[in-house]
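Here is the naming used below: chain letters follow the sequence lines, and residue numbers restart at 1 for every chain.
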Amino acid sequence: MILKINNVTKNFGGVSAIKETSFSVAPKEIFGLIGPNGAGKTTMFNIITGNYEPSSGSVIFRNEVLNGLKPHHIVRKGIARTFQNIRLFSSMSVLDNVLIGFDFQARYGFMESILRFPRFIGEEKRIKARSMEILDYFGMSAYAHDKAVDLSYGQQRKVEIARALATNPELLLLDEPAAGMNPSETEELGELIKKARSDFDLTVLLIEHDMKFVNQLCDKVLVLDYGKTIFEGKPADAICDPEVIAAYLGDFHND
Amino acid sequence: MVSQVSFSLEPNGFVAIGAYVTALLLISPDAKSYQYAIADPYPFVMTLQSNFVVALLLSGFLAALLALVLSFPVFRVRGDYLAIVTLGFGFIIKILAINHPEVTNGSLGLNDIPEFSNLYWTGGLAIVAVVVVLNIVNSKFGRAMKAVRDDEDAAIAMGVNTFKAKTLAFCTSAFFEGVGGGLLAALLTSISPDLFDFFFTFQLLIIIVLGGLGSTTGAIIGTVLVMGGSEWMRFLDEPMNLFGYETTAMPGMRMVVFSLVLIFYYAFCS
(Lines give C-alpha, C1' and ligand atoms only; values in the text may rest on other atoms or scores of the structure.)
Protein backbone atom coordinates (compact mmCIF):
# COMPACT_ATOMS: atom_id res chain seq x y z
CA MET A 1 0.00 0.00 0.00
CA ILE A 2 1.38 3.35 -1.01
CA LEU A 3 -1.03 5.49 1.00
CA LYS A 4 -2.79 4.54 4.21
CA ILE A 5 -5.36 6.68 5.97
CA ASN A 6 -5.68 5.44 9.54
CA ASN A 7 -8.79 6.37 11.48
CA VAL A 8 -8.59 10.04 10.51
CA THR A 9 -10.95 12.53 12.13
CA LYS A 10 -11.02 16.25 11.42
CA ASN A 11 -13.10 18.61 13.52
CA PHE A 12 -13.71 22.26 12.71
CA GLY A 13 -15.04 23.61 15.99
CA GLY A 14 -18.05 21.40 16.73
CA VAL A 15 -18.40 20.09 13.19
CA SER A 16 -16.71 16.87 12.17
CA ALA A 17 -15.79 17.17 8.51
CA ILE A 18 -14.30 13.68 8.57
CA LYS A 19 -15.14 10.97 11.10
CA GLU A 20 -12.82 8.03 11.73
CA THR A 21 -12.17 7.33 8.08
CA SER A 22 -9.71 4.66 7.00
CA PHE A 23 -8.70 3.51 3.56
CA SER A 24 -5.62 2.46 1.64
CA VAL A 25 -4.54 3.07 -1.90
CA ALA A 26 -2.48 0.42 -3.71
CA PRO A 27 0.41 1.40 -5.99
CA LYS A 28 -0.61 2.24 -9.61
CA GLU A 29 -4.27 2.33 -8.61
CA ILE A 30 -6.72 5.01 -9.72
CA PHE A 31 -8.76 5.56 -6.60
CA GLY A 32 -11.93 7.68 -6.63
CA LEU A 33 -13.13 9.69 -3.66
CA ILE A 34 -16.77 10.52 -4.22
CA GLY A 35 -19.72 11.78 -2.26
CA PRO A 36 -22.23 14.63 -2.16
CA ASN A 37 -21.11 18.23 -1.60
CA GLY A 38 -19.80 18.77 1.91
CA ALA A 39 -18.97 15.09 2.37
CA GLY A 40 -15.38 15.90 3.36
CA LYS A 41 -13.55 14.98 0.15
CA THR A 42 -11.49 18.15 -0.25
CA THR A 43 -10.85 18.15 3.51
CA MET A 44 -9.36 14.67 3.08
CA PHE A 45 -7.11 16.03 0.30
CA ASN A 46 -6.01 18.88 2.51
CA ILE A 47 -5.14 16.44 5.29
CA ILE A 48 -3.06 14.28 2.94
CA THR A 49 -1.20 17.32 1.58
CA GLY A 50 -0.52 18.66 5.07
CA ASN A 51 -2.63 21.81 4.72
CA TYR A 52 -4.74 20.56 7.63
CA GLU A 53 -3.50 18.62 10.64
CA PRO A 54 -5.95 15.77 11.42
CA SER A 55 -7.65 16.02 14.83
CA SER A 56 -6.81 12.35 15.30
CA GLY A 57 -5.54 9.47 13.23
CA SER A 58 -2.61 9.32 10.85
CA VAL A 59 -1.64 9.51 7.21
CA ILE A 60 1.04 7.06 6.10
CA PHE A 61 2.77 7.38 2.74
CA ARG A 62 5.25 4.70 1.74
CA ASN A 63 5.53 3.52 5.36
CA GLU A 64 6.24 7.02 6.60
CA VAL A 65 3.91 9.00 8.84
CA LEU A 66 3.17 12.40 7.29
CA ASN A 67 1.47 14.00 10.31
CA GLY A 68 3.14 17.24 11.31
CA LEU A 69 5.13 17.67 8.11
CA LYS A 70 4.88 21.03 6.30
CA PRO A 71 2.93 20.93 2.99
CA HIS A 72 6.00 21.77 0.88
CA HIS A 73 7.93 18.89 2.49
CA ILE A 74 5.09 16.50 1.69
CA VAL A 75 5.23 17.60 -1.97
CA ARG A 76 8.93 16.79 -1.95
CA LYS A 77 8.16 13.31 -0.56
CA GLY A 78 6.20 12.62 -3.76
CA ILE A 79 2.60 13.77 -3.35
CA ALA A 80 1.39 16.37 -5.88
CA ARG A 81 -2.05 17.87 -6.29
CA THR A 82 -4.28 19.94 -8.53
CA PHE A 83 -7.03 22.24 -7.34
CA GLN A 84 -10.79 22.18 -7.72
CA ASN A 85 -10.75 25.64 -9.31
CA ILE A 86 -7.69 25.88 -11.55
CA ARG A 87 -4.91 27.78 -9.80
CA LEU A 88 -2.14 28.46 -12.29
CA PHE A 89 0.33 31.27 -11.69
CA SER A 90 -1.44 33.91 -13.73
CA SER A 91 1.40 36.31 -14.44
CA MET A 92 3.76 33.57 -15.57
CA SER A 93 4.23 31.68 -18.83
CA VAL A 94 3.12 28.08 -19.25
CA LEU A 95 6.76 26.99 -19.21
CA ASP A 96 7.49 28.89 -15.98
CA ASN A 97 4.42 27.31 -14.39
CA VAL A 98 5.88 23.87 -15.06
CA LEU A 99 9.42 24.94 -14.10
CA ILE A 100 8.20 25.82 -10.61
CA GLY A 101 7.56 22.12 -10.06
CA PHE A 102 11.16 21.30 -10.93
CA ASP A 103 12.70 24.06 -8.88
CA PHE A 104 13.27 22.13 -5.68
CA GLN A 105 15.04 19.49 -7.76
CA ALA A 106 17.48 22.01 -9.29
CA ARG A 107 20.79 22.04 -7.43
CA TYR A 108 22.24 25.53 -7.38
CA GLY A 109 22.59 28.22 -4.76
CA PHE A 110 21.49 31.82 -4.52
CA MET A 111 24.93 33.28 -5.24
CA GLU A 112 25.40 30.86 -8.13
CA SER A 113 22.28 32.25 -9.77
CA ILE A 114 23.36 35.88 -9.24
CA LEU A 115 26.81 35.24 -10.68
CA ARG A 116 25.49 32.92 -13.41
CA PHE A 117 27.81 30.03 -12.52
CA PRO A 118 28.14 27.12 -14.98
CA ARG A 119 26.25 24.86 -12.58
CA PHE A 120 23.34 27.32 -12.65
CA ILE A 121 23.31 27.41 -16.44
CA GLY A 122 23.51 23.61 -16.68
CA GLU A 123 20.78 22.98 -14.14
CA GLU A 124 18.44 25.56 -15.70
CA LYS A 125 18.99 23.96 -19.09
CA ARG A 126 18.25 20.52 -17.65
CA ILE A 127 14.99 21.47 -15.93
CA LYS A 128 13.86 23.56 -18.91
CA ALA A 129 14.37 20.57 -21.22
CA ARG A 130 12.44 18.30 -18.86
CA SER A 131 9.62 20.86 -18.56
CA MET A 132 9.36 20.98 -22.33
CA GLU A 133 9.24 17.18 -22.40
CA ILE A 134 6.29 17.15 -20.03
CA LEU A 135 4.53 19.92 -21.99
CA ASP A 136 5.17 17.96 -25.15
CA TYR A 137 3.61 14.87 -23.56
CA PHE A 138 0.44 16.87 -22.96
CA GLY A 139 0.58 18.40 -26.44
CA MET A 140 1.12 21.84 -24.93
CA SER A 141 4.68 22.69 -25.99
CA ALA A 142 3.41 25.10 -28.69
CA TYR A 143 1.96 27.24 -25.90
CA ALA A 144 5.08 27.16 -23.68
CA HIS A 145 5.71 30.89 -23.92
CA ASP A 146 2.09 32.02 -23.72
CA LYS A 147 0.68 33.28 -20.47
CA ALA A 148 -1.09 30.49 -18.64
CA VAL A 149 -4.27 32.53 -18.19
CA ASP A 150 -4.64 33.05 -21.95
CA LEU A 151 -5.26 29.33 -22.55
CA SER A 152 -8.67 27.68 -22.80
CA TYR A 153 -10.16 25.98 -19.77
CA GLY A 154 -9.32 22.48 -20.95
CA GLN A 155 -5.75 23.50 -21.78
CA GLN A 156 -5.33 25.09 -18.34
CA ARG A 157 -6.42 21.79 -16.76
CA LYS A 158 -3.72 20.01 -18.72
CA VAL A 159 -1.08 22.56 -17.69
CA GLU A 160 -2.12 22.14 -14.08
CA ILE A 161 -1.64 18.38 -14.29
CA ALA A 162 1.66 18.86 -16.18
CA ARG A 163 2.80 21.22 -13.44
CA ALA A 164 1.92 18.69 -10.75
CA LEU A 165 3.86 15.97 -12.60
CA ALA A 166 6.91 18.24 -12.69
CA THR A 167 7.33 17.71 -8.94
CA ASN A 168 8.05 14.05 -9.79
CA PRO A 169 5.23 12.57 -7.69
CA GLU A 170 4.36 8.97 -6.97
CA LEU A 171 0.91 9.90 -5.81
CA LEU A 172 -1.16 12.45 -7.74
CA LEU A 173 -4.22 14.01 -6.13
CA LEU A 174 -6.73 15.40 -8.63
CA ASP A 175 -9.54 17.53 -7.22
CA GLU A 176 -12.46 17.35 -9.68
CA PRO A 177 -10.32 17.22 -12.83
CA ALA A 178 -13.35 16.96 -15.15
CA ALA A 179 -15.27 19.87 -13.63
CA GLY A 180 -16.46 22.31 -16.28
CA MET A 181 -15.53 20.07 -19.19
CA ASN A 182 -17.81 18.86 -21.97
CA PRO A 183 -18.31 15.09 -22.49
CA SER A 184 -15.67 14.74 -25.21
CA GLU A 185 -13.09 16.72 -23.22
CA THR A 186 -13.90 14.58 -20.18
CA GLU A 187 -13.31 11.39 -22.13
CA GLU A 188 -10.03 12.71 -23.50
CA LEU A 189 -8.94 13.65 -19.99
CA GLY A 190 -9.77 10.16 -18.73
CA GLU A 191 -7.60 8.59 -21.40
CA LEU A 192 -4.82 11.03 -20.61
CA ILE A 193 -4.89 10.19 -16.89
CA LYS A 194 -4.77 6.46 -17.65
CA LYS A 195 -1.87 6.97 -20.05
CA ALA A 196 0.01 9.19 -17.60
CA ARG A 197 -0.44 6.57 -14.88
CA SER A 198 1.59 4.01 -16.82
CA ASP A 199 4.05 6.48 -18.38
CA PHE A 200 4.88 8.27 -15.12
CA ASP A 201 4.36 5.28 -12.75
CA LEU A 202 1.63 7.11 -10.90
CA THR A 203 -0.89 6.29 -8.28
CA VAL A 204 -3.91 8.56 -8.66
CA LEU A 205 -6.39 9.62 -6.01
CA LEU A 206 -9.17 11.74 -7.45
CA ILE A 207 -12.31 13.52 -6.37
CA GLU A 208 -15.05 13.57 -8.98
CA HIS A 209 -18.79 14.04 -9.33
CA ASP A 210 -19.10 12.81 -12.92
CA MET A 211 -20.04 9.16 -12.28
CA LYS A 212 -19.53 8.14 -15.91
CA PHE A 213 -15.98 9.46 -15.70
CA VAL A 214 -15.41 7.66 -12.39
CA ASN A 215 -16.81 4.43 -13.78
CA GLN A 216 -14.60 4.61 -16.84
CA LEU A 217 -11.46 5.48 -14.93
CA CYS A 218 -11.34 4.27 -11.33
CA ASP A 219 -10.27 0.87 -10.11
CA LYS A 220 -11.81 1.50 -6.74
CA VAL A 221 -13.96 4.14 -5.07
CA LEU A 222 -14.64 5.33 -1.56
CA VAL A 223 -17.98 7.08 -1.00
CA LEU A 224 -18.09 9.62 1.80
CA ASP A 225 -21.21 11.20 3.27
CA TYR A 226 -21.06 13.72 6.10
CA GLY A 227 -17.49 12.67 6.76
CA LYS A 228 -18.30 8.95 7.08
CA THR A 229 -17.40 6.11 4.75
CA ILE A 230 -20.59 4.57 3.36
CA PHE A 231 -19.12 2.45 0.60
CA GLU A 232 -15.78 1.11 -0.52
CA GLY A 233 -15.31 -1.05 -3.60
CA LYS A 234 -15.77 -1.16 -7.36
CA PRO A 235 -17.37 1.91 -8.95
CA ALA A 236 -20.02 -0.17 -10.74
CA ASP A 237 -21.20 -1.59 -7.41
CA ALA A 238 -21.24 1.84 -5.79
CA ILE A 239 -23.97 3.03 -8.16
CA CYS A 240 -26.25 0.15 -7.11
CA ASP A 241 -25.56 0.41 -3.40
CA PRO A 242 -28.75 1.50 -1.56
CA GLU A 243 -26.84 3.57 0.99
CA VAL A 244 -25.00 5.48 -1.74
CA ILE A 245 -28.25 6.12 -3.60
CA ALA A 246 -29.82 7.34 -0.36
CA ALA A 247 -26.91 9.72 0.26
CA TYR A 248 -27.26 11.29 -3.16
CA LEU A 249 -31.02 11.21 -3.70
CA GLY A 250 -32.44 10.93 -0.20
CA ASP A 251 -34.12 7.92 1.36
CA PHE A 252 -37.60 7.23 -0.04
CA HIS A 253 -38.33 3.84 1.42
CA ASN A 254 -38.00 3.98 5.16
CA ASP A 255 -39.68 6.26 7.63
CA MET B 1 -7.71 34.90 -9.96
CA VAL B 2 -6.62 38.11 -8.27
CA SER B 3 -3.05 37.86 -7.18
CA GLN B 4 -2.43 39.02 -3.69
CA VAL B 5 0.04 41.85 -3.59
CA SER B 6 1.84 42.37 -0.32
CA PHE B 7 3.70 45.61 0.22
CA SER B 8 6.53 46.03 2.61
CA LEU B 9 6.21 49.58 3.91
CA GLU B 10 9.52 49.87 5.68
CA PRO B 11 12.13 50.63 3.01
CA ASN B 12 12.69 53.89 4.87
CA GLY B 13 13.84 51.83 7.87
CA PHE B 14 16.40 49.86 5.89
CA VAL B 15 17.61 52.96 4.07
CA ALA B 16 18.05 54.61 7.46
CA ILE B 17 20.09 51.65 8.76
CA GLY B 18 22.33 51.83 5.69
CA ALA B 19 22.75 55.59 5.95
CA TYR B 20 23.69 55.48 9.64
CA VAL B 21 26.08 52.57 9.24
CA THR B 22 27.88 54.27 6.36
CA ALA B 23 27.94 57.61 8.17
CA LEU B 24 29.41 56.10 11.34
CA LEU B 25 32.06 54.26 9.36
CA LEU B 26 33.08 57.22 7.24
CA ILE B 27 33.02 60.23 9.58
CA SER B 28 36.52 60.82 10.91
CA PRO B 29 37.08 60.41 14.68
CA ASP B 30 37.97 64.07 14.73
CA ALA B 31 34.63 65.12 13.26
CA LYS B 32 32.83 62.68 15.58
CA SER B 33 34.48 64.15 18.66
CA TYR B 34 32.74 67.49 18.39
CA GLN B 35 29.31 66.68 16.94
CA TYR B 36 27.76 64.53 19.71
CA ALA B 37 25.88 67.30 21.52
CA ILE B 38 23.00 65.42 23.16
CA ALA B 39 24.86 62.55 24.80
CA ASP B 40 28.37 61.22 24.93
CA PRO B 41 28.91 58.61 22.25
CA TYR B 42 29.67 55.02 23.17
CA PRO B 43 33.40 54.32 22.86
CA PHE B 44 32.89 51.85 19.98
CA VAL B 45 31.21 54.61 17.96
CA MET B 46 34.44 56.60 18.03
CA THR B 47 36.55 53.70 16.78
CA LEU B 48 34.34 52.67 13.84
CA GLN B 49 36.18 53.38 10.63
CA SER B 50 36.42 51.85 7.19
CA ASN B 51 36.75 52.70 3.55
CA PHE B 52 33.74 53.50 1.35
CA VAL B 53 33.26 50.11 -0.33
CA VAL B 54 33.37 48.22 2.97
CA ALA B 55 30.98 50.76 4.48
CA LEU B 56 28.46 50.24 1.68
CA LEU B 57 28.72 46.46 1.89
CA LEU B 58 28.30 46.51 5.66
CA SER B 59 25.30 48.83 5.27
CA GLY B 60 23.71 46.35 2.91
CA PHE B 61 24.47 43.30 5.00
CA LEU B 62 23.27 44.83 8.27
CA ALA B 63 20.00 45.91 6.64
CA ALA B 64 19.60 42.40 5.20
CA LEU B 65 20.36 40.86 8.59
CA LEU B 66 17.71 43.02 10.22
CA ALA B 67 15.27 41.97 7.47
CA LEU B 68 16.09 38.34 8.24
CA VAL B 69 15.29 38.84 11.93
CA LEU B 70 12.11 40.78 11.14
CA SER B 71 10.88 38.20 8.63
CA PHE B 72 9.96 35.83 11.48
CA PRO B 73 7.26 38.10 12.94
CA VAL B 74 6.42 39.84 9.66
CA PHE B 75 5.63 36.78 7.54
CA ARG B 76 3.19 35.37 10.04
CA VAL B 77 0.67 37.59 8.25
CA ARG B 78 -0.25 38.19 4.62
CA GLY B 79 -1.55 41.04 2.46
CA ASP B 80 -2.84 44.21 4.12
CA TYR B 81 -1.68 43.01 7.54
CA LEU B 82 1.85 42.63 6.24
CA ALA B 83 1.75 46.25 5.08
CA ILE B 84 0.65 47.40 8.54
CA VAL B 85 3.25 45.36 10.42
CA THR B 86 6.11 46.55 8.20
CA LEU B 87 4.85 50.14 8.42
CA GLY B 88 5.18 49.80 12.20
CA PHE B 89 8.77 48.55 11.97
CA GLY B 90 9.62 51.48 9.70
CA PHE B 91 8.45 53.87 12.41
CA ILE B 92 10.28 51.92 15.12
CA ILE B 93 13.61 52.27 13.32
CA LYS B 94 13.16 56.02 12.96
CA ILE B 95 12.18 56.36 16.62
CA LEU B 96 15.15 54.26 17.71
CA ALA B 97 17.40 56.64 15.75
CA ILE B 98 15.92 59.62 17.59
CA ASN B 99 16.16 58.01 21.03
CA HIS B 100 19.70 56.69 20.92
CA PRO B 101 21.82 59.83 20.73
CA GLU B 102 24.82 57.85 22.04
CA VAL B 103 25.05 56.29 18.58
CA THR B 104 23.04 58.43 16.21
CA ASN B 105 23.31 61.87 17.82
CA GLY B 106 19.49 61.84 18.10
CA SER B 107 17.42 64.31 16.16
CA LEU B 108 20.50 66.45 15.41
CA GLY B 109 21.71 63.74 13.07
CA LEU B 110 25.22 63.10 11.83
CA ASN B 111 27.17 65.68 9.88
CA ASP B 112 30.50 66.03 8.09
CA ILE B 113 30.17 62.73 6.26
CA PRO B 114 32.89 62.70 3.59
CA GLU B 115 31.34 63.15 0.18
CA PHE B 116 32.45 59.91 -1.47
CA SER B 117 29.35 59.37 -3.55
CA ASN B 118 28.73 60.84 -6.98
CA LEU B 119 26.85 60.07 -10.17
CA TYR B 120 29.27 57.29 -11.12
CA TRP B 121 28.88 55.51 -7.82
CA THR B 122 25.09 55.77 -7.75
CA GLY B 123 24.63 55.09 -11.46
CA GLY B 124 27.14 52.24 -11.48
CA LEU B 125 25.65 50.55 -8.44
CA ALA B 126 22.16 51.04 -9.87
CA ILE B 127 23.26 49.06 -12.93
CA VAL B 128 24.78 46.36 -10.71
CA ALA B 129 21.55 46.21 -8.72
CA VAL B 130 19.44 45.82 -11.86
CA VAL B 131 21.68 43.03 -13.19
CA VAL B 132 21.60 41.19 -9.86
CA VAL B 133 17.83 41.55 -9.55
CA LEU B 134 17.26 40.33 -13.12
CA ASN B 135 19.52 37.34 -12.48
CA ILE B 136 17.53 36.49 -9.37
CA VAL B 137 14.20 36.93 -11.17
CA ASN B 138 15.29 34.55 -13.92
CA SER B 139 16.25 31.73 -11.56
CA LYS B 140 14.37 29.28 -9.38
CA PHE B 141 14.47 31.84 -6.57
CA GLY B 142 12.74 34.50 -8.66
CA ARG B 143 10.20 32.02 -9.97
CA ALA B 144 9.37 31.00 -6.41
CA MET B 145 8.86 34.67 -5.48
CA LYS B 146 6.57 35.24 -8.47
CA ALA B 147 4.65 32.07 -7.67
CA VAL B 148 4.11 33.21 -4.09
CA ARG B 149 2.86 36.57 -5.36
CA ASP B 150 0.43 34.97 -7.86
CA ASP B 151 -1.00 32.27 -5.60
CA GLU B 152 0.62 31.36 -2.33
CA ASP B 153 -1.33 28.14 -1.74
CA ALA B 154 -0.62 26.87 -5.24
CA ALA B 155 3.06 27.69 -4.71
CA ILE B 156 3.10 25.54 -1.57
CA ALA B 157 1.46 22.75 -3.56
CA MET B 158 4.39 22.92 -5.99
CA GLY B 159 6.90 22.35 -3.20
CA VAL B 160 7.89 25.99 -2.80
CA ASN B 161 9.04 26.91 0.68
CA THR B 162 7.07 30.14 0.74
CA PHE B 163 8.63 31.48 3.93
CA LYS B 164 12.08 31.07 2.43
CA ALA B 165 11.01 32.72 -0.84
CA LYS B 166 9.51 35.71 0.97
CA THR B 167 12.47 36.06 3.32
CA LEU B 168 14.89 35.95 0.41
CA ALA B 169 12.96 38.68 -1.43
CA PHE B 170 12.73 40.77 1.75
CA CYS B 171 16.45 40.43 2.56
CA THR B 172 17.56 41.12 -1.01
CA SER B 173 15.54 44.31 -1.16
CA ALA B 174 16.77 45.28 2.30
CA PHE B 175 20.35 44.76 1.16
CA PHE B 176 19.97 47.16 -1.74
CA GLU B 177 18.02 49.63 0.39
CA GLY B 178 20.88 49.53 2.87
CA VAL B 179 23.47 50.17 0.15
CA GLY B 180 21.23 52.92 -1.22
CA GLY B 181 21.08 54.50 2.22
CA GLY B 182 24.87 54.43 2.39
CA LEU B 183 25.12 56.15 -0.98
CA LEU B 184 22.58 58.73 0.15
CA ALA B 185 24.55 59.52 3.31
CA ALA B 186 27.79 59.88 1.37
CA LEU B 187 26.08 62.14 -1.14
CA LEU B 188 24.20 64.45 1.23
CA THR B 189 27.08 64.52 3.78
CA SER B 190 24.52 65.05 6.53
CA ILE B 191 21.67 62.83 7.75
CA SER B 192 19.01 63.00 10.44
CA PRO B 193 16.06 60.77 11.42
CA ASP B 194 13.57 63.12 9.74
CA LEU B 195 15.00 62.20 6.37
CA PHE B 196 13.72 58.64 6.79
CA ASP B 197 10.06 59.11 7.59
CA PHE B 198 7.17 57.41 5.85
CA PHE B 199 7.19 59.94 3.02
CA PHE B 200 10.38 58.32 1.79
CA THR B 201 8.65 54.95 1.45
CA PHE B 202 5.62 56.66 -0.04
CA GLN B 203 7.75 58.05 -2.84
CA LEU B 204 9.12 54.57 -3.58
CA LEU B 205 5.57 53.24 -3.66
CA ILE B 206 4.58 55.88 -6.23
CA ILE B 207 7.57 54.87 -8.34
CA ILE B 208 6.85 51.15 -8.40
CA VAL B 209 3.10 51.50 -8.83
CA LEU B 210 3.56 54.01 -11.66
CA GLY B 211 6.15 51.77 -13.33
CA GLY B 212 3.99 48.69 -12.92
CA LEU B 213 4.14 46.20 -10.07
CA GLY B 214 6.42 43.24 -10.56
CA SER B 215 8.31 44.80 -13.45
CA THR B 216 12.01 45.67 -13.24
CA THR B 217 11.95 47.84 -16.35
CA GLY B 218 8.85 49.53 -14.95
CA ALA B 219 10.69 50.35 -11.73
CA ILE B 220 13.49 52.05 -13.72
CA ILE B 221 11.05 54.03 -15.88
CA GLY B 222 9.03 54.93 -12.80
CA THR B 223 12.17 56.25 -11.06
CA VAL B 224 13.08 58.42 -14.04
CA LEU B 225 9.54 59.77 -14.37
CA VAL B 226 8.95 60.47 -10.70
CA MET B 227 12.38 61.79 -9.69
CA GLY B 228 12.97 63.56 -13.00
CA GLY B 229 9.43 64.90 -13.10
CA SER B 230 9.59 66.35 -9.62
CA GLU B 231 12.83 68.15 -10.48
CA TRP B 232 11.53 69.36 -13.84
CA MET B 233 8.38 70.76 -12.23
CA ARG B 234 10.35 72.87 -9.79
CA PHE B 235 9.42 75.97 -11.80
CA LEU B 236 5.86 75.58 -10.49
CA ASP B 237 7.05 76.55 -6.99
CA GLU B 238 8.46 79.83 -8.21
CA PRO B 239 6.65 83.11 -8.97
CA MET B 240 5.06 82.93 -12.39
CA ASN B 241 3.60 85.20 -15.01
CA LEU B 242 0.42 83.48 -16.19
CA PHE B 243 -1.05 85.39 -19.16
CA GLY B 244 -0.12 88.67 -17.64
CA TYR B 245 -1.23 87.70 -14.14
CA GLU B 246 1.56 87.64 -11.60
CA THR B 247 1.48 84.82 -9.03
CA THR B 248 3.56 84.68 -5.88
CA ALA B 249 5.93 81.82 -5.09
CA MET B 250 4.01 78.78 -3.91
CA PRO B 251 6.31 76.20 -2.33
CA GLY B 252 4.81 72.73 -2.73
CA MET B 253 2.78 73.65 -5.80
CA ARG B 254 4.67 71.09 -7.86
CA MET B 255 3.65 68.33 -5.48
CA VAL B 256 0.02 69.36 -5.93
CA VAL B 257 0.36 69.27 -9.71
CA PHE B 258 2.33 66.04 -9.53
CA SER B 259 -0.32 64.39 -7.39
CA LEU B 260 -3.04 65.49 -9.82
CA VAL B 261 -1.09 64.03 -12.74
CA LEU B 262 -0.79 60.74 -10.85
CA ILE B 263 -4.48 60.67 -9.97
CA PHE B 264 -5.42 61.27 -13.60
CA TYR B 265 -2.97 58.62 -14.71
CA TYR B 266 -4.38 55.97 -12.39
CA ALA B 267 -7.99 56.94 -13.04
CA PHE B 268 -7.87 57.03 -16.81
CA CYS B 269 -4.77 55.29 -18.12
CA SER B 270 -4.50 52.11 -16.07
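Residue A:Ala166 does not touch chain B at all, counting heavy-atom pairs closer than 4.5 Å. For a residue to count as touching a neighbouring chain, one of its non-hydrogen atoms must lie under 4.5 Å from one of that chain's; by this rule A:Thr49 does not touch chain B. Using a 4.5 Å cut-off between heavy atoms, B:Ala157 contacts chain A through both its backbone and its side chain.
With chain A as partner, the option from B:Thr162, B:Ile156, B:Asn161 having the largest number of non-hydrogen pairs under 4.5 angstrom is B:Asn161.
The environment of CZ in B:Phe202 is sparse: at most 12 heavy-atom neighbours from other residues, nucleotides or ligands sit within 6.0 Å. Within a 6.0 Å radius of NZ in A:Lys28, other residues, nucleotides and ligands contribute more than 12 heavy atoms.
Here the side chains of A:Asp103 and B:Val160 are not in contact, with every heavy-atom distance at 4.5 Å or above. Using a 4.5 Å heavy-atom threshold, the side chains of A:Val75 and B:Met158 count as separate.
At a heavy-atom cut-off of under 4.5 Å, chain A is reached by B:Val132, B:Leu134, B:Asn135, B:Ile136, B:Asn138, B:Ser139, B:Lys140, B:Phe141, B:Arg143 from residues 123-143 of chain B, listed in order of number. At a heavy-atom separation below 4.5 angstrom, chain B is approached by A:Arg116, A:Phe120, A:Glu124, A:Ile127 within residues 116-155 of chain A. The contact list for residues 168-186 of chain B toward chain A, using heavy atoms and a distance under 4.5 Å, reads B:Leu168, B:Thr172 by residue number.
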Residues 52-72 of chain B, side-chain donor-acceptor partners within the protein, below 3.5 Å, at least two apart:
{"unit_1": "B:Ser59", "atom_1": "OG", "unit_2": "B:Gly18", "atom_2": "O", "d": "3.1"}
{"unit_1": "B:Ser59", "atom_1": "OG", "unit_2": "B:Thr22", "atom_2": "OG1", "d": "2.5"}
{"unit_1": "B:Ser59", "atom_1": "OG", "unit_2": "B:Ala55", "atom_2": "O", "d": "2.7"}
{"unit_1": "B:Ser71", "atom_1": "OG", "unit_2": "B:Leu68", "atom_2": "O", "d": "2.6"}

